Amino acid sequence: MNMTSIFEISPGSGREGTLGTTLRRMRKYAKISQAELGKLISVHQTAISRIESNEQSLAPEQLRVISKFFGVSLDDLMLNRINYWDIAKRFGQPPPFADRYRQLPFSRVRELLPLLFFLNQEKGHDFTQKLLSEYEMESFLFLNPDQPIGVNCYLDLLRHSLNRKLLSESNFNELINQTRLESVHGFLHAIYVEQTSPLSLVQSRILNSHLYEKNFKHEIQTLTQNRMEIFVAPEHHMKGVDYKDRILGDFLCRYKKSYLQQFPKYIGESPIELIEKDCHFTGTAPKCVYELRVA
């Protein structure tokens with residue numbers, strides 16, 4: 001499954017995938033006016049308006065000037081493969097999200113992808129787009145899985161999905177299935193498929209937890225050929241984050257356990273046994289402690 005096919009309409013498939021739309025978005029995140037862009041390529045502001053409305057084309061030299069100005073390649077510009085986070089950063093602008101999602105940027109887009117893929121699968125592309133817009137987000141901003149984002153982004157979307165019964169007992173396993181998509185893990189996929197046993201795979205996933213989020217510390221306490229004991233503990237900044245209410249706490253507890261237990265399916269292995277020795281999400285323990293075993 002390709003992220004672009006889910007989160008962005010392909011170039012040429014409609015107005016949302018056109019060069020004019022891409023140019024408008026780049027201006028938006030760079031905070032560049034139509035008049036300023038027009039001056040750059042020696043045309044009037046009204047010409048920029050027509051270009052962004054797909055009523056006028058750009059000459060090859062104008063395209064080269066624009067790509068250099070925004071720091072993107074001509075190929076990426078023409079194919080609408082723009083990292084809008086980088087555009088904002090290049091022009092000294094804040095990340096293109098609401099203030100709430102700029103705070104505590106210890107999550108990465110990769111952490112959100114299973115939930116977004118799940119919603120897209122269950123409710124459709126248009127529904128997912130509309131939901132994101134309710135939270136002042138646009139789907140194409142999730143094309144870079146390594147981009148940092150505020151922890152409340154994931155929690156808000158998760159809480160919304162649970163409160164509105166979009167995510168429930170009946171389709172929980174469908175969400176867990178999304179956690180094993182190659183497009184979720186990106187470059188980490190090559191590392192995971194090299195693992196030769198369920199425990200070595202889970203070990204690799206835990207060691208790379210910081211590439212998904214830095215809100216919880218994941219550490220391996222003991223490791224043998226057939227047994228592993230790990231703990232999951234909140235980082236200091238999570239003291240100010242509401243994630244242990246009845247709905248979220250119960251879900252996060254179940255999600256983390258199921259994720260780890262079923263992750264061996266990534267390499268065609270059976271799920272492993274997981275014994276919960278302590279729980280932080282639904283109790284008062286400072287950390288979750290799990291024992292994982294293989295036969």
Side-chain angles (χ1 to χ4, degrees), residues 1 107-108 110-122 145 151 154-155 157-185 188-189 192-193 195 197-213 215-221 223 226-234 238 243-283 285 287-295:
M1 187 177 296
S107 290
R108 293 200 179 187
R110 184 176 286 110
E111 180 189 28
L112 282 71
L113 292 181
L115 178 60
L116 295 176
F117 288 168
F118 164 82
L119 291 172
N120 192 79
Q121 175 180 281
E122 292 288 307
V151 58
Y154 176 59
L155 295 179
L157 290 175
L158 183 57
R159 188 180 283 109
H160 178 106
S161 300
L162 292 167
N163 285 335
R164 298 198 183 182
K165 309 299 183 183
L166 304 173
L167 177 57
S168 63
E169 180 76 23
S170 63
N171 58 21
F172 177 78
N173 282 333
E174 291 303 318
L175 172 63
I176 296 300
N177 289 341
Q178 306 303 310
T179 66
R180 298 190 300 276
L181 293 178
E182 178 181 346
S183 50
V184 168
H185 305 284
L188 292 165
H189 170 75
Y192 295 154
V193 295
Q195 306 307 312
S197 72
L199 284 186
S200 67
L201 176 63
V202 173
Q203 178 186 14
S204 182
R205 173 60 181 83
I206 291 169
L207 293 176
N208 286 296
S209 291
H210 63 287
L211 297 175
Y212 297 79
E213 50 90 1
N215 302 304
F216 294 91
K217 182 185 299 183
H218 297 69
E219 286 197 9
I220 298 171
Q221 292 183 305
L223 176 64
N226 300 315
R227 176 181 172 276
M228 174 190 299
E229 188 169 276
I230 67 172
F231 77 79
V232 180
M238 293 299 286
Y243 65 92
K244 288 190 66 174
D245 59 66
R246 182 182 60 83
I247 293 177
L248 276 186
D250 287 346
F251 172 83
L252 290 172
C253 174
R254 186 180 175 198
Y255 180 75
K256 285 190 176 289
K257 289 187 292 186
S258 295
Y259 192 132
L260 293 172
Q261 190 173 24
Q262 297 193 41
F263 200 57
K265 290 183 179 180
Y266 200 95
I267 56 173
E269 297 283 350
S270 299
I272 55 179
E273 180 183 4
L274 184 148
I275 300 169
E276 182 180 60
K277 294 187 171 182
D278 223 335
C279 181
H280 166 73
F281 294 105
T282 60
K287 60 186 178 182
C288 296
V289 179
Y290 307 135
E291 180 179 337
L292 296 97
R293 299 176 181 174
V294 293

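Only heavy atoms go into these numbers, but all of them, side chains included; no hydrogens, no water, no symmetry mates. All figures in this text were calculated on a predicted structure; none of them were measured in a lab.
Met228 and Ile206 get closest at one heavy-atom pair: SD-CD1, 3.9 Å. Closest approach of Ser183 to Leu113, counting heavy atoms only: O-CD1, 3.9 Å. Leu274 and Leu260 make their closest contact through CD1-CB, 4.3 Å (heavy atoms, listed as atom of the first residue, atom of the second, distance). Nearest heavy atom pair, residue Tyr192 against residue Ile267, reads O-CG2, 3.5 Å. Minimum heavy-atom separation, Leu201 to Pro264: CD2-CA, 3.6 Å. Shortest non-hydrogen contact noted between Leu175 and Pro114 is CD1-O, 3.6 Å.
For the pair Tyr212/Leu188, a side-chain contact is recorded, criterion being any heavy-atom separation below 4.5 Å from C-beta on. Counting heavy atoms from C-beta outward, Lys287 and Asp278 have side chains that stay 4.5 Å or more apart. Residues Gln203 and Ile220 have side chains in contact (heavy-atom distance under 4.5 Å, counting atoms from C-beta outward). For the pair Arg246/Asp250, a side-chain contact is recorded, criterion being any heavy-atom separation below 4.5 Å from C-beta on.
A search for side chain to side chain donor-acceptor pair (under 3.5 Å) contacts involving Lys277 returns Glu229, Glu291, not counting sequence neighbours. Ser270 meets the side chain to side chain donor-acceptor pair (under 3.5 Å) test with no other residue; sequence neighbours excluded.
Between Phe263 and His185, the gap from one ring centroid to the other is short of 6.0 Å. You'll find the ring centres of Phe216 and Phe281 inside the 6.0 Å limit.
Looking only at distances, no side-chain donor or acceptor of His280 sits under 3.5 Å from a matching main-chain atom of Val289. Panel note: side chain Ser161, backbone Leu157; a donor-acceptor pair is recorded below 3.5 Å. Within the 3.5 Å criterion, the main-chain N or O of Leu166 finds a donor-acceptor partner in the side chain of Asn171. In this structure, the side chain of Ser200 engages the main chain of Ser197 through a donor-acceptor pair within 3.5 Å. A donor-acceptor pair is defined here as one N or O able to donate and one able to accept, closer than 3.5 Å; such a pair exists between the side chain of Lys244 and the backbone of Gly283.
A donor-acceptor contact closer than 3.5 angstrom links the side chains of Asn215 and Ser107. A donor-acceptor contact closer than 3.5 angstrom links the side chains of Arg205 and Tyr259.
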Yes or no on side-chain contact (heavy atoms from CB on, under 4.5 Å) for Arg293 and Asn226, after CA distance, side-chain angles and deciding distance?
CA-CA 6 Å; Arg293 299 176 181 174; Asn226 300 315; over 6 Å; no

Please lay out, stage by stage, how Ile230 and His218 fare under the test side-chain contact (heavy atoms from CB on, under 4.5 Å).
CA-CA 7 Å; Ile230 67 172; His218 297 69; 5.8 Å; no

With side-chain contact (heavy atoms from CB on, under 4.5 Å) as the criterion, how do Val151 and Glu213 come out once you've worked through the C-alpha distance, each side chain's angles and the decisive distance to 0.1 Å?
CA-CA 8 Å; Val151 58; Glu213 50 90 1; over 6 Å; no

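Just one of Gln261, Glu269, Gln262 meets the side chain to side chain donor-acceptor pair (under 3.5 Å) condition when paired with Lys265; it is Gln262.
To the nearest 0.5 angstrom, Ile176 atom CD1 is 10.0 Å from Phe118 atom CZ. The line from CD1 of Ile247 to CG of Leu252 is 11.5 Å long, rounded to the nearest 0.5 Å. Of the inter-residue distances, the one linking Leu248 atom CG with Leu158 atom CG reads 5.5 Å to the nearest 0.5 angstrom. To the nearest 0.5 Å, atom NE2 of residue His210 and atom CG of residue Asn208 are 6.0 Å apart. Summarising the geometry, atom SG belonging to Cys279 is positioned 6.0 Å from atom OH belonging to Tyr290; distances are rounded to the nearest 0.5 Å. Between Leu119 atom CG and Gln178 atom CD the span is 9.5 Å, to the nearest 0.5 Å.
A cation-pi contact, defined as under 6.0 Å to the ring centre and within 45° of the axis, is absent between Arg180 and Tyr266.
Residues Glu276 and Lys256 are not paired through a salt bridge, judged by the lack of any N-O separation under 4.0 Å between the basic side chain and the carboxylate.
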